[in-house]
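Below is one structure, written out as structure tokens, with a few remarks after it.
Residue numbers begin at 1 in each chain, while the letters A, B, ... track the order of the sequences. Every heavy atom of this structure was used, including side-chain atoms; hydrogens, water molecules and symmetry mates were not. What you are looking at is a predicted structure, and each value in this text was computed from that prediction instead of being measured.
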Amino acid sequence: MEMSHAVAANLAALTGALDEPGPDLAPLIGRLGESCALAVRSYLGFSITLVVDEVPVSFSVLEAFLDPAEILTSVMFPLTALGERAVGSEVILYAGTAGAFVDLAADFSYALGSSADAVQLDRHLIPPARRDGSDGLAKLARRNQAIGILLDRGYDEPDAITELREVARLGAVSVDAVAQQVIDSTARPARS
Amino acid sequence: MGDACGDGLMELADNAASEPTGPELAAGEGSGVAADDVDLRASLADLSHLMMDSGPDGLEDLLRHVAAFAVRAIPGADGAGLTLLENDRPDTIVASAEFVKEVDAIQYGLGQGPCITAAAEGRTVISGSLHGEKRWPRFGPRVAQLGVHSVLSLPLMGSHGALGAMNVYGHARDSFDQRSIEMGELFAVPAAISVRNAQVLAQAKRVAERLQTALTSRSIIDQALGILMSRSGGDADQAFAKLVTMSQADNQKVSAVAQLMVDDARRRAQARHARD
């Protein structure tokens with residue numbers, strides 16, 4: 001099961017942002033997929049989502065040419081139980097044999113010390129259409145660029161975030177749309 | 001492990017107790033067999049609780065416990081080690097005793113030995129006289145000099161092949177017999193399940209941590225881009241090019257230059273607020 005070029009490219013870009021030494025993201029994610037494949041014979045792929053500053057960023061590595069109808073079972077476990085992560089951060093595994101994740105789900109529930117509903121079996125049977133991280137990364141980038149612009153204009157960070165949310169609320173638009181407006185406001189008019 | 005697994009482990013232990021095991025179990029050996037079964041049941045019960053206690057941080061701790069339980073469960077064992085393979089090479093390696101670490105270090109240093117054979121061939125490997133062992137002509141004599149003469153290696157099987165092996169060592173010659181093999185193979189099945197599930201969790205945690213760090217670092221870079229865009233009016237690509245130029249001029253990483261820029265902007269904003 002190979003990672004798509006888009007996922008690999010986005011992970012490479014993110015690895016470039018890392019300051020401290022450590023493994024590159026793409027091989028690390030590849031090893032997770034290999035471990036899952038060893039644990040479950042009919043394994044078809046996985047999806048990981050991290051929610052950063054309220055923006056979900058997701059990556060998926062799925063069997064090539066996967067027909068969604070092949071997915072007969074899934075298990076989701078929350079990353080919140082693995083450390084300080086925002087709600088919504090999760091890993092979903094997919095497989096092609098019903099019941100393939102029953103033991104894994106039971107083990108995860110006990111190991112994570114989570115409540116009965118936290119590890120979910122067979123509730124995520126439709127894989128994401130596209131999860132190469134690009135949607136979430138672009139939104140996160142716009143949000144932080146807008147915060148940077150507001151920092152330069154004298155806002156401190158909490159006030160910058162509050163400003164984005166408040167303008168979004170008043171305009172009944174998304175924070176992402178407001179972030180784009182802030183970015184657009186920096187454009188200098190072309191000289192005639 | 002979950003209830004389903006725990007019940008399955010107890011069933012395995014019950015089966016071990018009830019199955020006849022051949023000529024070794026003549027009358028008079030019943031008490032020895034009963035003691036073996038008690039050890040196996042106890043080890044399997046402890047294994048079933050291991051996932052609950054170890055948590056996602058403790059892959060190595062979990063493996064060490066599995067090795068310790070194996071020593072208890074397998075008759076003749078003086079020590080045990082576990083090796084997980086990654087890209088067909090030995091990776092995580094734990095041992096229940098110091099001498100096992102030495103023996104496994106010799107094995108992996110030489111690239112030959114019972115664990116390597118067991119994992120490569122996906123079958124149980126046994127030897128009662130390592131000194132004269134022809135299968136591993138360099139490993140056997142070296143290990144015998146350490147006073148280890150018997151080995152029982154059991155592959156830990158995943159769905160597509162061996163994910164590692166469990167090595168059980170005995171100081172005496174012929175430490176392991178048919179009963180040891182049966183107990184070991186019974187134990188290896190739930191041990192492999194524990195190991196591979198723990199491995200998935202441990203790796204998911206590693207990915208999440210690394211991804212989180214990268215996204216946080218990227219956030220600072222984007223805030224720095226915003227600061228540059230506000231000052232110069234360019235777009236994000238132009239701002240990034242500027243940031244790269246600055247990092248090259250200062251001989252610093254882009255992320256470090258970005259952090260300094262953002263920290264400076266925050267300080268000025270705080271100073272402005274203090275004045276107002």
side-chain contact (heavy atoms from CB on, under 4.5 Å), that's the test. Do B:Gln223 and A:Glu157 meet it? Break it down for me.
CA-CA 10 Å; B:Gln223 288 184 16; A:Glu157 190 165 342; 3.5 Å; yes

Tell me, with the steps shown, if A:Leu11 and B:Leu211 meet side-chain contact (heavy atoms from CB on, under 4.5 Å).
CA-CA 9 Å; A:Leu11 290 174; B:Leu211 205 45; 4.2 Å; yes

Between A:Leu93, A:Val91, A:Ile147, A:Asp184, which has the largest tally of heavy atom pairs under 4.5 Å with chain B?
A:Ile147

Max heavy-atom pair count under 4.5 Å with chain B, selected residue of A:Val182, A:Ile48, A:Leu137, A:Leu38:
A:Leu38

So what's closer than 4.5 Å to chain B heavy atoms on [X]: side chain, backbone, both or neither?
X	value
A:Leu150	neither
A:Asp53	side chain
A:Ala39	both
A:Leu104	both
A:Val40	backbone
A:Ile29	both

Got a second to check how far [X]'s [atom1] is from [Y]'s [atom2], nearest 0.5 Å?
X	Y	atom1	atom2	value
B:Arg268	A:Leu151	CZ	CG	9.0 Å
A:Asp103	B:Arg196	CG	CZ	8.0 Å
A:Arg153	B:Ile227	CZ	CD1	12.5 Å
A:Cys36	B:Gln199	SG	CD	10.0 Å

Minimum-distance pair of heavy atoms, taken over all atoms of [X] and [Y]:
X	Y	value
A:Leu32	B:Val200	CD1-O, 3.7 Å
B:Ala214	A:Leu25	CB-CD1, 3.9 Å
A:Phe77	B:Ala204	CZ-CB, 3.8 Å
B:Ser230	A:Thr186	CA-CG2, 4.0 Å
A:Gly154	B:Arg272	CA-NH1, 2.6 Å

Contacting moiety of [X], where chain A heavy atoms sit under 4.5 Å:
X	result
B:Val254	neither
B:Thr216	neither
B:Ile221	side chain

Using a 6.0 Å cut-off, check whether atom CD1 of A:Ile126 has over 12 heavy atoms from anything other than its own residue.
no

Derivation of the side-chain contact (heavy atoms from CB on, under 4.5 Å) call for A:Leu140 and B:Arg218:
CA-CA 9 Å; A:Leu140 199 54; B:Arg218 184 69 219 191; over 6 Å; no

Output, in order, the C-alpha distance, side-chain angles, deciding distance and verdict of side-chain contact (heavy atoms from CB on, under 4.5 Å) for A:Asn144 and B:Ile220.
CA-CA 7 Å; A:Asn144 283 300; B:Ile220 295 296; over 6 Å; no

Are a donor atom and an acceptor atom from the side chains of A:Asp156 and B:Gln270 found within less than 3.5 Å of each other?
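A:Asp156 vs B:Gln270: no donor-acceptor pair found between side chains.
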
Taking B:Asp222, B:Val262, B:Asp264 one by one, which has the highest count of heavy-atom pairs under 4.5 Å against chain A?
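If we count pairs closer than 4.5 Å to chain A, B:Asp222 comes out on top.
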
